[in-house]
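Numbers restart at 1 for each chain; the letters A, B, ... are given by sequence-line order, proteins then strands.
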Amino acid sequence: MYELVAPAPGGAALIRRLGRTGRPTGDTECVAQAELPEAVRRIEQRHGPRWVWERTAEVYPALLTAGVEVDRCHDLSLSAAILASSAFVSPAYTPRIGLPGSTDPDAEPAGVLAPGPLSPFQGTLFEPAAARGPGIDELEDELQSQLAAVARSPAASRLRLLLAAESAGALIAIEMQQAGMPWDAAVHDALLTARLGPRPSPGARPALLEAKAGELRTLLGAPRLNPDSPRELMQALHRAGVEARTTRAWELRQFRHPAITPLLEYKKMARLLSANGWAWIDAWVRDGRFRPEYVVGGVVTGRWASRGGGALQIPAEVRSAARALPGHRLVVADAAQLEPRVLAALAGDGAMAEAARGQDLYAGIAASGFGGDRTQAKVALLGAIYGATTGESGRLMPQLTRMYPRAVALVEQAARDGERGLTVTTHLGRSTPAPSARWRASQRTTTAEEQRRGDAVARDRGRFTRNFIVQGTAAEWAECWMADLRGRLRRIRRQGLTAELVYFLHDEVVIHAEEAAAEACAAAAREAARAAGRLLFPGVPVEFPLTVAVVRSYDQAK
DNA sequence: TCGCATCGCGCG
DNA sequence: AAAGCGCGCGATGCGA
C-alpha cells in the first residue's frame, strides 16, 4: 500500500511498509543513501506502492538521476498545506511537519506560510539540515494524521483525489525540470540579433535599441533622456505636451504624438532584451534545454508557480526558439476556455453546459444570447469570473445573469462570502486563507472615509474569492489532466518510444515526442482530458475539449 | 553596496 | 486603477 521513505542519521535512508491507515505492516529497511534508488526500484517493480515522503523535491531528483521513476506518491508537505486550511476537514487537522516554503525545521508548523527560499538540493538525497527535521516515526504519525483527517471528512473522496493529484504534480514537476523544454539557443540568438542588433558588450544597449533611444530623444527634445527610467520619461513626455499619468503602454497609446510609436517600440524591444535576452539564454539554457523550477501549489489558488527564467511568462516573441529535436515533434495541448467550462460544471448550469457543447464556448454563448457577438460573450463571462463591475463587461452582466442564473449566482455567492470574511473552497477542497489583517482592520471603522475605504478592501477580497473557486478548480482539473496524461505517456514510452512532458502552463502542456509517437501523444492528451472531467465532475455533462497542435516549434501552436 | 518598494509588462 | 483575478522578474530609485 504505502512505502514511507525517511532520512536517517549517518547518511542512511529508512524504508517502512505501511497499510491503508498508515500503520506499519512489516519491518523497516535501512539502506545507505547511495543504495536508495536501487531499493526503490526493487520495491516499485514488486508491488508499485504509493511512496510517502516529506518533500518530493528532496527525494525524487536523485531517484530520477539514477533512472528510477515511480508511479505514485503522497507528498506529506503539500498534503499538509491543503488539509491544514481545507473547509472539508473537520475537526481541524494540525500539521506536525513543516509546510512547503518553510525550510526552517523550527518554524511554527501551523503558522503563516512564510515565503522562504526553497533550496531543493540536486546532488544528494537529503539536505544535511533535514537530519534535524522529522524522522521516520514522526513522518509515519503525520501520514496517519492526514489519512484520518481525510477519512473523517464528508468529502473524503474529493480530498483523496486532490492529494493524489497534487502529489502526482510534485512528481511531474521534478520530471519536467529534469527533462527541460528543448531550446535552440542559436535560433534565439538570431531572433534577438534581428530585432535588437548584434549582442553588445555587457551593460551596453544593442545597436537597434540604442538607435531607437536616439530617435526618441530627438522627437521629445530630451537629449539626455534614459527611456528606461519611468520618472525621466514622464517628465520628458509632459514637456512635450503628452499629459499621461503613467508611462504604461496601454495609456501612452491613447495619445497622439510623433514620439509615441517609437516609444512603444522601444519599450517592446527593451523588455525583450531585459526579460528574454542574451543574459536569459546564458542563465537558463544548458545543453539545449530550458530547465525552470516549478513550484507546485505555489499560488494560493493551487496553480503552480515557477522560479527562475520567468518560466510561465515566456513571451510569444521567443517561442520559435523552443524547437523539437530532429525526428521529433512538440505536441502542444491546450484546454479550450477551461475556466468558463469549470464554472459551468461547478454550478451545474445546464444551459451553460449546453452552450459549451462545441469546441468554442464563447461562440456557443454568443449564439444563444449576445446576438452572435463572440467578443461580447467573452468579455461578459470573464467579467463575471473576475468581478468586473464597470465598463462593458459590467453592462453585459444583467444579460448574462438572465441566460445563466446558476453560474452567475455561484460566483456572486463566492464574492459575498469573501466580502464577509468567510472561507470559500474549490471543488476538491482547497480553501482560501483566512482574511488578511487589512481585511480585519477594514471591519473596524469609525469615520465615513474609513468606512468607504473599508468597503473597498472588502470588495477586493470578494473579487479574490469569486475568482478563487474558478481558478482553483481549473487548477485541479489541470493537475488531474496532467497526472492522467503522465500515466498514458509512460505506457507509450514502454513501447520504446520517446514521449515526455516538457512544459506546463496552467491549462496547457507541451510533450516532446519522436515523430512516430506524436499522434499517440495527441490522443493521450485528449483521453486524459475526458478522464479529468469524469474524475472531477462525474455525471456532469460539461465537456473539456482541447486544442492540440503537432508542431516543430512552440510558436507554431495556435 | 545592499535591501526594499515601485513601476511596468510578460503569461494564463 | 485598464474593466476585473492570479503570478515572476528586471530596472530604477531611495534609504540605510
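- Residue contacts for A/N276: at a heavy-atom cut-off of 4.0 Å it reaches no nucleic acid atom on any strand shown.
- At the heavy-atom level, A/R466 lies nowhere under 4.0 Å from the strands shown.
- Going from atom CD of A/Q471 over to atom C1' of B/dG12 covers 8 Å, rounded to whole Å.
- Residue contacts shown for A/V379 are absent, as no nucleic acid heavy atom lies under 4.0 Å away.
- Closest contact between the side chain of A/T390 and the listed nucleotides C/dA3, B/dG10, C/dC5 involves C/dA3.
- For C/dG8 and C/dA3, the P atoms lie 25 Å apart once the distance is rounded to whole Å.
- In this structure, CG of A/L272 is placed 11 Å from P of B/dC11, rounded to the nearest angstrom.
- In this structure, A/A305 reaches the sugar-phosphate backbone alone: every heavy-atom distance under 4.0 Å involves primed, P, OP1 or OP2 atoms, never a base.
- Contact annotation for A/A384: no contact, since no heavy-atom pair falls under 4.0 Å across all strands.
- For A/R303, whose side chain is taken as the heavy atoms from C-beta onward, the closest listed nucleotide among B/dG8, C/dA11, C/dG6 is C/dG6.
- When the side-chain nitrogen and oxygen atoms of A/K267 are compared with OP1 and OP2 of B/dC9, one or more of them lie within a distance under 4.0 Å.
- Shown here, B/dG10 forms a base pair with C/dC7; the pair counts as Watson-Crick or G-U wobble because both key distances fall under 3.5 Å.
- Atom CG of A/L192 sits about 9.0 Å away from atom CZ of A/R199, to the nearest 0.5 Å.
- Spacing between atom NZ of A/K268 and atom C1' of B/dG10 amounts to 8 Å, rounded to whole angstrom units.
- Checked against C/dG10, B/dG12, B/dC9, the side chain of A/S274 finds its nearest nucleotide in C/dG10.
- With B/dG12, B/dC7, B/dG10 as the choices, the nucleotide that has an atom nearest any side-chain atom of A/P230 turns out to be B/dC7.
- A/K558 comes within contact range of the sugar-phosphate backbone alone, with a heavy-atom separation under 4.0 Å but no base atom that close.
- Put simply, CG on A/L312 is 8 Å from C1' on C/dG8, counting in whole angstrom units.
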- request: For side-chain hydrogen bond (donor to acceptor under 3.5 Å, both in side chains), just list the numbers for A/D334 and A/T547, CA-CA rounded to whole Å, side-chain angles, deciding distance to a tenth of an Å, and then say yes or no.
  value: CA-CA 5 Å; A/D334 172 316; A/T547 306; 4.9 Å; no

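- When each of B/dC11, C/dC7, C/dG4 is scored by its nearest atom to the side-chain atoms of A/A316, the top-ranked nucleotide is B/dC11.
- Here the C1' atom of nucleotide B/dG8 and the CG atom of A/L252 are 11 Å apart, to the nearest Å.
- Between the CD atom in A/Q235 and the OG1 atom in A/T247 there is a gap of 12.0 Å [rounded to 0.5 Å].
- Across all strands, A/R463 comes closer than 4.0 Å only to sugar-phosphate atoms, never to a base (heavy-atom distances).
- A/I314 comes within contact range of the sugar-phosphate backbone alone, with a heavy-atom separation under 4.0 Å but no base atom that close.
- Rounded to the nearest 0.5 Å, atoms CH2 (A/W183) and CZ (A/R291) are 13.5 Å apart.
- Taking atom P on both C/dA1 and C/dG6, the two are 10 Å apart, rounded to the nearest angstrom.
- Among the heavy atoms of the strands lying under 4.0 Å from A/G309 are primed sugar atoms or P, OP1, OP2 only; no base atom is included.
- Between the side chain of A/R271 and the base of B/dC9, at least one donor-acceptor pair of N or O atoms lies under 3.5 Å.
- One can place OH of A/Y554 at 10 Å from C1' of B/dG12, the figure rounded to the nearest angstrom.
- Of the candidate nucleotides B/dG12, C/dC7, B/dG10, B/dG12 has the atom lying nearest to any side-chain atom of A/D507.
- As judged by a 4.0 angstrom heavy-atom cut-off over every strand, A/A249 is placed among residues touching the sugar-phosphate backbone only.
- The distance from atom CZ of A/R420 to atom CH2 of A/W439, rounded to the nearest 0.5 Å, is 9.5 Å.
- Listed nucleotides: C/dG8, B/dC9, C/dA1. Nearest to the side chain of A/S306: C/dG8.
- Residue A/R231 places none of its side-chain N or O atoms closer than 4.0 Å to OP1 or OP2 of B/dT6.
- Side chains of A/E412 and A/M397 form a contact here, defined as non-hydrogen atoms less than 4.5 Å apart.
- In this entry the distance linking CH2 of A/W250 with C1' of C/dG4 reads 14 Å, nearest Å.
- Remark: A/T247 is in phosphate contact with B/dG8, judged by side-chain N or O atoms under 4.0 Å from OP1 or OP2.
- The A/N226 side chain lies nearest to C/dT12 when the options are C/dG8, C/dT12, C/dG6.
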query: Given the rule in the side-chain contact (heavy atoms from CB on, under 4.5 Å) test, do A/E500 and A/M176 qualify, once you have shown the distances and angles that lead to the verdict?
result: CA-CA 8 Å; A/E500 52 185 11; A/M176 280 201 311; over 6 Å; no

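- Among the protein residues, A/R459 comes within range of no part of the nucleic acid, since none of its heavy atoms lies under 4.0 Å from any strand.
- With C/dG13, B/dG12, C/dC7 as the choices, the nucleotide that has an atom nearest any side-chain atom of A/S229 turns out to be C/dG13.
- Nearest-nucleotide positions on DNA chain C place A/T301 closer to the 5' end than the other of A/A311 and A/T301.
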- prompt: Between A/E251 and A/R245, does a salt bridge (Lys or Arg N to Asp or Glu O under 4.0 Å) hold up when you go through it step by step?
  reply: CA-CA 8 Å; A/E251 187 175 349; A/R245 282 149 43 260; 3.2 Å; yes

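- C/dC5 atom P lies 17 Å from atom CG of A/L343, rounded to whole Å.
- Nucleic acid contact for A/G308: sugar-phosphate only, since backbone atoms but no base atoms lie under 4.0 Å from a heavy atom of the residue.
- Taking the nucleotide of DNA chain C with the nearest heavy atom to each of A/R245 and A/G298, the more 5' of the two is matched to A/R245.
- Proximity note for A/R307 (side chain, C-beta onward) versus B/dC7, C/dG6, C/dC9: the nearest is C/dC9.
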